[in-house]
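This report concerns only the one structure given below.
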Amino acid sequence: MTQGNKRANTRQWIGLAVLVLPCVLASMDMSVMFVTLPSLSADLRPSSSQVLWIMDSYGFLLAGLLITMGTLGDRIGRRRVLLAGAAAFGLASVLAAYSTSPEMLIATRALMGVAGASLAPSTLSLIRNMFLDERQRATAVGVWTAGFAGGAVIGPIIGGLLLEHFWWGSVFLINVPVMLLLLVLGPLLLPEYRDPEPGRFDLPGALLSLAAVLAVIYSLKTTAAHGFSWTGALCAAAGLGAAALFVRRQRTAAQPVIDLALFRTSRFSVPLLIDALATFAMVGFSLFNWQFMQLVLGMGPLESALWSLPTFLVMPVGIALATAMAPRIGKPNVMTAGLAIAAVGYIAVALIRTDSGIVHLVSALAVVSIGIGGVSAVVTEVILSAAPPERAGAASALAETSAEFGGALGIAVLGSIGTAVYRSQMESQTPAGLTAGQRAAAAETLGGATDTAATLPHQAAEALRKVAYDAFSHEMRIAAVVAVVVTAGGAMLITTLLRGAERPGSAPGPAAEPEHTTGHGGQDNAEQPATKPMA
């Protein structure tokens, strides 16, 4: 088969634009709540525990169902699952916008998470089938990566703009026209693919995977928010137990949810680990970015969101460089270079002081973004290429799940380390003259310190703010050092375990050599015999 027969045409590239839209929204809906929460809370009056569930129910269900939805797409059709998820996402968004109680909003956010779990693996697995030329697929995955990352960045900005003119429900209603557009254009532009011999769906295995992911991520997030608790420990133990049962079942099931043989090759397992490590550093460190801008530098939510734009705008630079260099020097070398660049950015962050200013922070994070952007695009494409095409949905879901775990673990670990550093410095340096309650509040969080300072006379308030800002800057520097170690360690893992697995310009392996067939609507698209294109 000639290279020209594998190259995507205009129809596929327009289809890619359609596929990126739901990814932007699914990512955006996780970050938009940061600026929406104050207005929402003033209207619905949720309790503190309800606030946490409003924030987390979406992410929990999305993370827990990624594997199930990815495997389901392999079996019944990836486009079918995508369109069904889009319809459900749009409906749930309307219900969330017009929620009349905290309980209703929690339920509708959970429904949005269930629907959102069908979007990312379906879009990524369709890209695997639509772009058979390796270089074109790398470019397509890079566009997908930029869309997913961009959604998280523009979420607070769009939310802030909408809240300037409309009520809090408007941040959910913007999902509806995009999902309607996907429902109209999807059947016209996107091919349908599924495994022609899927077998029975392993429902017990799917439930075990859901229980494992939900319990472990819940434990990580509660530990990050509240420190160690027996509830969090029990959830972690239950999640690990469910994971052990899940693995045992996958080894014996006739039609497993996940083919564990995928993990036996370093070309699949190592990129999954690298994806988790990169997300660990980037998501975990985002805890400190926003607090530094809003509490130390005194910015509002919209202003800080606008200052975060450069970190997104430079990400396509990293993606483009990685995509261009991968065929020349090999994907392992590109991933190593990306992690090294990110480590340099975190080193620059580790030099920040209270008076460093916003330009120092944004410049350093832009370097991080270039490096992580390149890594994310290449690592995702490597994971997809390493899996057989009939398992593309499951492989996509595993890539997304590894990123979810990495992000949750990053928040938990970096958050816990930062909190310990901050408390230790505040307990030893808090100015005299404060009551026991004021000292405890100031030592708990930077927000508690600024709130306490607002109640004090000017001189005492300034003294407390200076100590708190210095303590937070120290906390931030320590977290940056940990991020340096994680990213540099990831680069060493690639050098040790992955280098040599792929030569520059070599084919990605058996999974990347498809046979030519005709896809949906008669388009000249290719697919392997194991995966059936359907009208």
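Atom-to-atom distance recorded for Leu62:CG and Met112:CE is 10.0 Å, nearest 0.5 angstrom. Distance CD/Glu475 to CD1/Ile478: 10.0 Å, rounded to 0.5 Å. Here the straight-line distance linking atom CG of Leu309 with atom CG of Leu306 works out to 6.0 Å at 0.5 Å rounding. The OG1 atom of Thr279 lies 7.5 Å from the CD1 atom of Ile372; values are rounded to the nearest 0.5 Å. Distance CG/Leu207 to CZ/Arg249: 9.5 Å, rounded to 0.5 Å. To the nearest 0.5 Å, atoms CE (Met492) and CG (Leu339) are separated by 12.5 Å.
The side-chain heavy atoms of Tyr422 and Glu427, taken from C-beta on, include no pair separated by under 4.5 Å. For the pair Thr123 and Pro22, the minimum side-chain heavy-atom distance is below 4.5 Å. Between Ile358 and Met293, some side-chain heavy-atom pair lies under the 4.5 Å cut-off. Here the side chains of Leu21 and Leu25 are not in contact, with every heavy-atom distance at 4.5 Å or above. No side-chain heavy atom of Phe268 sits less than 4.5 Å from a side-chain heavy atom of Val382. Contact annotation: the side chain of Trp144 never approaches that of Leu19 to less than 4.5 Å [non-hydrogen atoms, C-beta and beyond]. Considering only heavy atoms from C-beta on, Phe472 stays 4.5 Å or farther from Leu295 through its side chain.
Applying the side-chain hydrogen bond (donor to acceptor under 3.5 Å, both in side chains) test to every pair with at least one member in residues 359-378, sequence neighbours left out, gives no pairs at all.
A donor-acceptor pair is defined here as one N or O able to donate and one able to accept, closer than 3.5 Å; such a pair exists between the side chain of Thr311 and the backbone of Ser308. Counting only distance, with no hydrogens or angles, the side chain of Tyr58 and the backbone of Gly116 share no donor-acceptor pair below 3.5 Å. With hydrogens and angles disregarded, a donor-acceptor distance shorter than 3.5 Å links the side chain of Arg79 to the backbone of Leu190. With hydrogens and angles ignored, the 3.5 Å screen pairs a side-chain donor or acceptor of Thr323 with a backbone N or O of Ile319. Of the possible donor and acceptor atoms, none in the side chain of Arg477 sits under 3.5 Å from a partner among the backbone N and O of Leu351. Using modelled atom types, no side-chain atom of Ser219 and backbone atom of Ala215 make a donor-acceptor pair closer than 3.5 Å. The backbone N or O of Leu493 sits nowhere less than 3.5 Å from a side-chain atom of Thr496 that would complete a donor-acceptor pair.
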Could you walk me through whether Phe131 and Trp13 pass the ring-ring contact (aromatic ring centres under 6.0 Å, His included) check? CA-CA 9 Å; Phe131 295 90; Trp13 290 109; 4.7 Å; yes
Apply the test side chain to side chain contact (heavy atoms under 4.5 Å, CB included) to residues Leu321 and Val317: give CA-CA distance (whole Å), side-chain angles for both, the deciding distance (0.1 Å), then the verdict. CA-CA 6 Å; Leu321 288 173; Val317 175; 4.0 Å; yes
Just do the side chain to side chain contact (heavy atoms under 4.5 Å, CB included) check on Gln425 and Asp470 with the steps written out, would you? CA-CA 9 Å; Gln425 186 160 332; Asp470 288 344; 4.2 Å; yes
Please assess Met476 against Leu361 for the test side chain to side chain contact (heavy atoms under 4.5 Å, CB included), listing each intermediate value before the final yes or no. CA-CA 11 Å; Met476 192 172 177; Leu361 177 63; 3.5 Å; yes
Evaluation steps, side chain to side chain contact (heavy atoms under 4.5 Å, CB included), between Leu277 and Thr487: CA-CA 7 Å; Leu277 290 176; Thr487 49; over 6 Å; no
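Here the shortest heavy-atom pairing between Gly490 and Ile274 reads O-CD1, 3.4 Å. The two residues Ser118 and Ser122 make their nearest non-hydrogen contact at O-OG, 2.6 Å. Residue Leu65 comes nearest to Ala117 through the heavy atom pair CB-CB, 3.7 Å, listed as atom of the first residue, atom of the second, then distance. When all heavy atoms are compared, the tightest approach of Tyr469 to Leu446 is CD2-CD1, 3.9 Å. Smallest separation of non-hydrogen atoms from Val349 and Ala364: CG2-CB, 3.5 Å. The heavy-atom pair separating Met69 from Val114 by the smallest distance is CE-O, 3.7 Å.
Defined by atom type and a distance below 3.5 Å, a donor-acceptor pair is present between the side-chain atoms of Ser473 and Thr354.
Residues meeting the ring-ring contact (aromatic ring centres under 6.0 Å, His included) test with Phe288, sequence neighbours left out: Phe285. Applying the salt bridge (charged side-chain N to carboxylate O under 4.0 Å, His left out) rule to Arg248 yields no partners; only residues at least two apart in sequence or on another chain are considered.
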